[in-house]
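Computed over heavy atoms, backbone and side chain alike; hydrogens, waters and symmetry mates excluded.
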Amino acid sequence: MARKIALITGATSGIGEGCARRFAQGGYNLIITGRNTGKLEILKQELEEEGVQVLALAFDVRNREAARKAVDYIPETWRNIDVLINNAGLARGLEPEYEGDFDDWDQMIDTNIKGLLTMTRLIVPGMVERNRGHVINIGSVAGDAAYAGGNVYCATKSAVKAITDGLRIDVAHTRVRVTNIKPGLVETNFSNIRFHGDTQRADNVYRGIEPLTGDDIADVAFYAACAPEHVQIAEVLVLATHQASGTVIHRD
């Protein structure tokens, strides 16, 4: 393929969907992944109408064998992946650590950490072999410091930072670049998922402040990918204007 190829996990909503649309606008062909086959196919059709080629792979990054089979399914002409965006991730619950739900913990750890590691392990060897590529991990300001009730989610995003930094060290002898993007408040379905479908509680997260959007973070990811080859944007913290940190937010 003459065009560059980006593989985006969790591409059917929020930041992942924003990245898919932004990289399509930038002329990339796309491999989009997610759990919802229907949403993947709708997004695939919409993006192909913009003149790019799209390969949709339906699987859950928590299922390592399914991820392996999906990557093995990628046709030879699609295998030279230029950008891997590890976006799939979620928060579940906001209880004190001593009252946390075991299933919520497993889902966050298996998605945010182990799923990211699985995709990195499956895709990055090809980048190293070709001596080019870019891994963009979607972390969070929550990885910088814990907040009340955020215990395990914050821990997973702290792990994303450490894993990203470690990968950057491991590929320093190559031309593979590694970036950690750490968003603050981004209005997606993130809070709705965290609160198990409690829309009113989710809406209160963004009350009194204009939050970021998935498209805002996608712009940052595309900017990092478009930097000259000798420039590696290692880490970007992106906050809404009235958000100073993970816990300091001015609301009208």
Side-chain angles (χ1 to χ4, degrees), residues 5-26 28-71 73-74 78 81 83-92 104 107-108 110-120 122-123 135-140 153 156-157 160 181 183 185-199 202-203 205-206 211-222 225:
I5 300 170
L7 189 159
I8 303 166
T9 67
T12 56
S13 65
I15 293 172
E17 182 180 353
C19 286
R21 297 188 186 279
R22 183 66 187 89
F23 277 75
Q25 291 169 6
Y28 278 72
N29 287 328
L30 300 173
I31 302 173
I32 54 174
T33 85
R35 294 176 296 172
N36 190 314
T37 303
K39 287 185 177 180
L40 277 175
E41 287 303 317
I42 291 171
L43 180 60
K44 171 182 165 68
Q45 292 175 17
E46 291 177 356
L47 294 173
E48 287 180 335
E49 289 175 0
E50 299 180 14
V52 301
Q53 297 181 51
V54 181
L55 178 66
L57 302 175
F59 65 94
D60 188 334
V61 295
R62 293 179 297 169
N63 186 329
R64 186 169 296 158
E65 188 56 33
R68 190 189 307 275
K69 288 180 179 178
V71 171
Y73 170 80
I74 296 173
W78 286 84
I81 294 165
V83 179
L84 167 64
I85 301 179
N86 279 315
N87 163 75
L90 78 167
R92 296 290 274 180
D104 284 351
Q107 193 169 1
M108 287 186 284
D110 290 347
T111 306
N112 301 358
I113 301 176
K114 294 167 72 174
L116 181 148
L117 282 170
T118 293
M119 295 307 298
T120 299
L122 293 174
I123 301 301
V135 179
I136 299 175
N137 290 333
I138 304 300
S140 173
Y153 175 70
T156 66
K157 290 304 184 178
V160 169
I181 298 177
L185 280 177
V186 183
E187 188 168 11
T188 63
N189 61 351
F190 173 89
S191 292
N192 196 272
I193 292 172
R194 160 167 267 174
F195 298 127
H196 300 275
D198 187 337
T199 301
D203 289 344
V205 173
Y206 312 107
L212 302 167
T213 68
D215 291 342
D216 294 326
I217 306 306
D219 282 339
V220 175
F222 189 74

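Between the NZ atom of Lys69 and the CD1 atom of Ile74 there is a distance of 15.5 Å, given to the nearest 0.5 Å. Remark: Asn63 CG to Arg68 CZ distance equals 10.5 Å, nearest 0.5 Å. Separating the OG1 atom in Thr12 from the CD1 atom in Ile32 is a distance of 8.5 Å, to the nearest 0.5 Å. Rounding to the nearest 0.5 Å places CG of Leu117 at 11.0 Å from CG of Asp110. Atoms CD1 and NZ, on Ile113 and Lys157 in that order, are 9.5 Å from each other to the nearest 0.5 Å. Once rounded to the nearest 0.5 Å, the distance linking OG of Ser13 with CG of Asn87 reads 8.0 Å.
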Next item on the list: Dump the intermediate steps for side chain to side chain contact (heavy atoms under 4.5 Å, CB included) on Leu122 and Thr118, then the final yes or no.
Entry: CA-CA 6 Å; Leu122 293 174; Thr118 293; 3.9 Å; yes

Item checked: Steps toward side chain to side chain contact (heavy atoms under 4.5 Å, CB included) verdict (Asp215, Arg21) -> CA-CA 8 Å; Asp215 291 342; Arg21 297 188 186 279; 5.5 Å; no

Check: Passes side chain to side chain contact (heavy atoms under 4.5 Å, CB included), His196 versus Asp104? Steps please.
Finding: CA-CA 10 Å; His196 300 275; Asp104 284 351; 3.2 Å; yes

Next item on the list: Under the side chain to side chain contact (heavy atoms under 4.5 Å, CB included) rule, what do Val205 and Leu185 come out as? Steps first, then yes or no, please.
Entry: CA-CA 8 Å; Val205 173; Leu185 280 177; 3.7 Å; yes

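The two residues Ala24 and Leu47 come nearest to each other via the heavy atoms CB-CD2, 3.9 Å. Listed here is the closest heavy atom pair of Met108 and Ala91: SD-CA, 3.8 Å. Shortest non-hydrogen contact noted between Leu57 and Tyr73 is CD2-CD2, 3.5 Å. Between Tyr206 and Pro211, the shortest heavy-atom distance links the atoms CD2-CB, 3.9 Å. Considering every non-hydrogen atom in both Leu43 and Ala20, the closest pair reads CD2-CB, 4.2 Å. Taking every heavy atom of both residues into account, Ala70 and Phe59 meet most closely at CB-CD2, 3.4 Å.
A donor-acceptor distance shorter than 3.5 angstrom exists from the side chain of Asn112 to the backbone of Leu90, with no hydrogens or angles considered. Of the possible donor and acceptor atoms, none in the side chain of Asn192 sits under 3.5 Å from a partner among the backbone N and O of Ala202. At distances below 3.5 Å, at least one donor-acceptor pair connects side-chain atoms of Arg92 with backbone N or O atoms of Ile193. Tyr28 places no side-chain N or O within 3.5 Å of a backbone atom of Leu7 that could act as its donor or acceptor partner. In this structure, the side chain of Thr9 engages the main chain of Ala88 through a donor-acceptor pair within 3.5 Å. Asp216 places a side-chain N or O within donor-acceptor distance of the main-chain N or O of Thr213, the cut-off being under 3.5 Å. Although no hydrogens or angles enter the test, the distance criterion places no donor-acceptor pair under 3.5 Å between the side chain of Asn137 and the main chain of Gly139.
Within the 4.5 Å cutoff, the side chain of Leu55 has no heavy atoms near those of the Leu30 side chain. The closest side-chain heavy-atom distance from Ile85 to Phe23 is below 4.5 Å. For the pair Ile8/Ile31, no side-chain contact is recorded, criterion being any heavy-atom separation below 4.5 Å from C-beta on. Within the 4.5 Å cutoff, side-chain heavy atoms of Gln107 are placed close to those of Thr111. The shortest distance between side-chain heavy atoms of Glu50 and Gln25 falls below 4.5 Å. Taking 4.5 Å as the limit, some side-chain heavy atom of Val135 sits within range of a side-chain heavy atom of Asn86. Between Ile181 and Ile136, some side-chain heavy-atom pair lies under the 4.5 Å cut-off. Contact of the Asn29 side chain with the Val54 side chain is not registered, since no non-hydrogen atoms from C-beta on lie closer than 4.5 Å.
More than 12 non-hydrogen atoms from other residues, nucleotides or ligands lie less than 6.0 angstrom from CZ of Arg62. By the 6.0 Å contact criterion, NZ on Lys44 is enclosed, its count of non-hydrogen atoms from other residues, nucleotides or ligands being greater than 12.
Between Arg22 and Asp219 there is a salt bridge, since at least one side-chain N of the basic residue sits less than 4.0 Å from a carboxylate O of the acidic one. No salt bridge links Lys39 with Glu17; every basic N to acidic carboxylate O contact stays at or beyond 4.0 Å.
Taking the six-membered ring for Trp and the full ring otherwise, the centers of Phe190 and Tyr153 sit less than 6.0 Å from each other.
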